[in-house]
2 protein chains.
Amino acid sequence: MVKQKIPEMVIKRLPVYLRYLEYYGESDREYVSSFELGQKLGLNPAQIRKDLAYFGEFGKKGLGYEVGFLTKKIRKILGLNQEIPIAVIGGGNLGLAISRYNVYRGQNFKVTAIFDVDPGKVGLKVNGIPIKHVDDLPGEVAREGIRIVIIAVPAPHAQQVADVAVKAGITAILNFAPAKLKVPSFVRIHATDVTCELQTLAYYLQGEGVVPKAPAESLKADEVEINEVETTLDGKVVSTESE
Amino acid sequence: MVKQKIPEMVIKRLPVYLRYLEYYGESDREYVSSFELGQKLGLNPAQIRKDLAYFGEFGKKGLGYEVGFLTKKIRKILGLNQEIPIAVIGGGNLGLAISRYNVYRGQNFKVTAIFDVDPGKVGLKVNGIPIKHVDDLPGEVAREGIRIVIIAVPAPHAQQVADVAVKAGITAILNFAPAKLKVPSFVRIHATDVTCELQTLAYYLQGEGVVPKAPAESLKADEVEINEVETTLDGKVVSTESE
DNA sequence: TAGATTGTTAATCGATTAACAATC
DNA sequence: TAGATTGTTAATCGATTAACAATC
């Protein structure tokens, strides 16, 4: 039977639900409702129910969702039941920071190797993780079963290491380099770009002059006239956001 | 006159356009068309024209957009004409990596201070940037005119440093901590969450077993029946993406 | 039972894309 | 002029939200 296509936005929210369930689910609470979840995460309860309903009927009418049960379900949906070996390409500041970043603990991600081209770095270990030469990437992917690579090299080298990774059989890439990478359509790339984020934030800084400080809640941004600045406030000066 | 509300999606794409214009615009090409821009960035040309049209008529019919002119316009729209002082909170691996990350050069962002609570770190300098105590944050915000803070502290401390920053008058935050932060509605938070990104990628890894290797282009993912796994492929196994 | 909350359909909202007259 | 490409309107598409019967 042909299953329904799941919208990407839904998949992106699952980790957000999962985190809430794991953090706060450590309390004694046995059930959580879509309403409470929505409150805490700033999301519409109907959306949460709809998201979860793509994968099955996980809730109990009148009660909500059993926290432990839902947690396990979401982990299974995301494929987090087996350990997933990942590699970091780039042994610079950012690459090493990411490698040492122990947020993967308990999340079943394991950084098995760091790759660099600097002979002065190759052979060293960082937090027990060996730094290897980029030329060894294909061999390591095969040997360690690496599934995801995180690219943390300077922008001018990003495309070429992406090519190497894809050739080695990698189909999932998390790119921190400020560069648009071209990869075959079967490879999934997610990008995290500090510069773009800062530039976007910079835009919204401009609104400030006209935003009345006190009654910020009641402000209807799109009705405010702007003088000095050429551009406008977005209606949502709100925060929210994640994923 | 009341200006139009600009959708957030539009603002998020402006830095993407800007980067293309600045990188490739260093060539001799004087004009770029929405078609070419779309090709390179994987976006619909009509969307690009529409995005730019929110802010004015920047193009020349029959020619396209003058690269230098459009670059300047977008920088102006984003408010990148003056230097924007930013601060990094968290002097750990990630915080220091971000602080040293020289991608801000020429982008008019300047990290003026790093904040930490570790007495062993406070007083040191990293790349010429002083590490100060978090208690000094409000003073520094006032003195240096800090506009944006980047939060790179462990998740359990993220909310409390966000509170300090907001109290100090910060209205734009880039959060790297894996935590959902609550801030007043006039404060803008963008979050970058490695764990969420990896978990999302993990979901799409599962499709692979059923994806025929050779004719990946012709695969209609949503028509593929899945056996072992409970969930399905998203139609877009494509890459694209940025921001 | 009465109250609560789900799963799901229908309504709304917003974003993307197609199409084309205007014009360089 | 002929070809190209804009700015913009209309059409499409998809995602979010509201509403409610089902039911614990």
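The sequence lines fix the lettering, A, B, ..., with proteins before strands; numbering per chain opens at 1.
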Problem - Sub-4.5 Å side-chain heavy-atom contact between A:Ile74 and A:Phe55 - result: no
Handout entry: Side chains of B:Leu37 and B:Leu43 in contact at under 4.5 Å (non-hydrogen atoms)
Key = no
Problem - Nearest-nucleotide pick for B:Asn44, side chain only, options being C:dA18, D:dT17, C:dT16 - result: C:dA18
Practice task
Nearest whole angstrom, please: distance from the C1' of D:dG3 to the CZ of B:Phe35.
Solution key: 15 Å
Handout entry: B:Ser34 side chain near D:dT6 phosphate (N/O to OP1/OP2, under 4.0 Å)
Key = yes
Exercise for the section: Could you check how far OH of A:Tyr65 sits from P of C:dT5, rounded to whole Å? Expected result: 12 Å
Exercise for the section: Would you mind reading off the distance between B:Lys50 atom NZ and D:dT9 atom P, rounded to a whole angstrom? Expected result: 9 Å
Practice task
Could you tell me whether a side-chain N or O of A:Gln206 sits under 3.5 Å from a main-chain N or O of A:Tyr203, the two making a donor and an acceptor?
Solution key: yes
Handout entry: Pair B:Glu36 + B:Arg29: basic N to acidic O under 4.0 Å
Key = yes
Handout entry: Spacing of B:Lys73 atom NZ relative to D:dT6 atom P, expressed in whole Å
Key = 17 Å
Handout entry: Of the listed nucleotides C:dT6, C:dT17, D:dA15, the one nearest the side chain of A:Met9
Key = D:dA15
Handout entry: Atom OH of A:Tyr20: over 12 foreign heavy atoms under 6.0 Å
Key = yes
Practice task
Side chain of A:Glu57 only, please: which of C:dG7, D:dT17, C:dT16 is the nearest?
Solution key: C:dG7
Practice task
With side-chain contact (heavy atoms from CB on, under 4.5 Å) as the test, would you mind laying out the steps for A:Glu66 and A:Phe58 before giving the verdict?
Solution key: CA-CA 8 Å; A:Glu66 203 271 287; A:Phe58 300 151; over 6 Å; no
Exercise for the section: Would you check if A:Gln199 and B:Arg19 make a side-chain contact, meaning some heavy-atom pair closer than 4.5 Å? Expected result: no
Problem - Separation of C:dG7 P from A:Leu70 CG (nearest whole Å) - result: 10 Å
Exercise for the section: Let me have DNA chain C in dot-bracket notation, would you? Count Watson-Crick plus G-U wobble pairs, both distances under 3.5 Å, and use [ ] for pairs crossing earlier ones and | for inter-strand partners. Expected result: ..||||||||||||||||||||||
Practice task
Report yes if the side chains of A:Val166 and A:Ile170 come closer than 4.5 Å at any heavy-atom pair, otherwise no.
Solution key: no
Handout entry: Euclidean distance, atom NZ of residue B:Lys12 to atom C1' of C:dA15 [Å, nearest integer]
Key = 14 Å
Exercise for the section: Starting from P on D:dT17, measure out to CG on A:Asp51 and report it in whole angstrom. Expected result: 11 Å
Handout entry: Value in whole Å for how far the P atom of C:dT5 lies from CD1 of A:Ile48
Key = 13 Å
Distances under 3.5 Å only, N/O to N/O: pair up the protein atoms with those of nucleotides 12-14 of chain C.
none

Handout entry: Annotated protein contacts, base or backbone, on nucleotides 19-24 of chain D with a non-hydrogen cut-off under 4.0 Å, one of B, S, - each
Key = B--BBB
Completion exercise
From the list A:Ile148, A:Asn108, A:Ile146, side-chain contact (heavy atoms from CB on, under 4.5 Å) with A:Ile84 holds only for A:Ile148
Problem - Residues A:Glu8, A:Arg188: salt bridge by 4.0 Å N-O rule - result: yes
Practice task
Determine whether more than 12 heavy atoms belonging to other residues, nucleotides or ligands lie under 6.0 Å from atom OH of B:Tyr23.
Solution key: yes
Handout entry: Side chain to side chain, A:Tyr65 and A:Ser33, heavy atoms closer than 4.5 Å
Key = no
Fill in the blank from the handout: 5'-most contact on DNA chain D (nearest-nucleotide basis), B:Gly56 vs A:Gln47, goes to B:Gly56
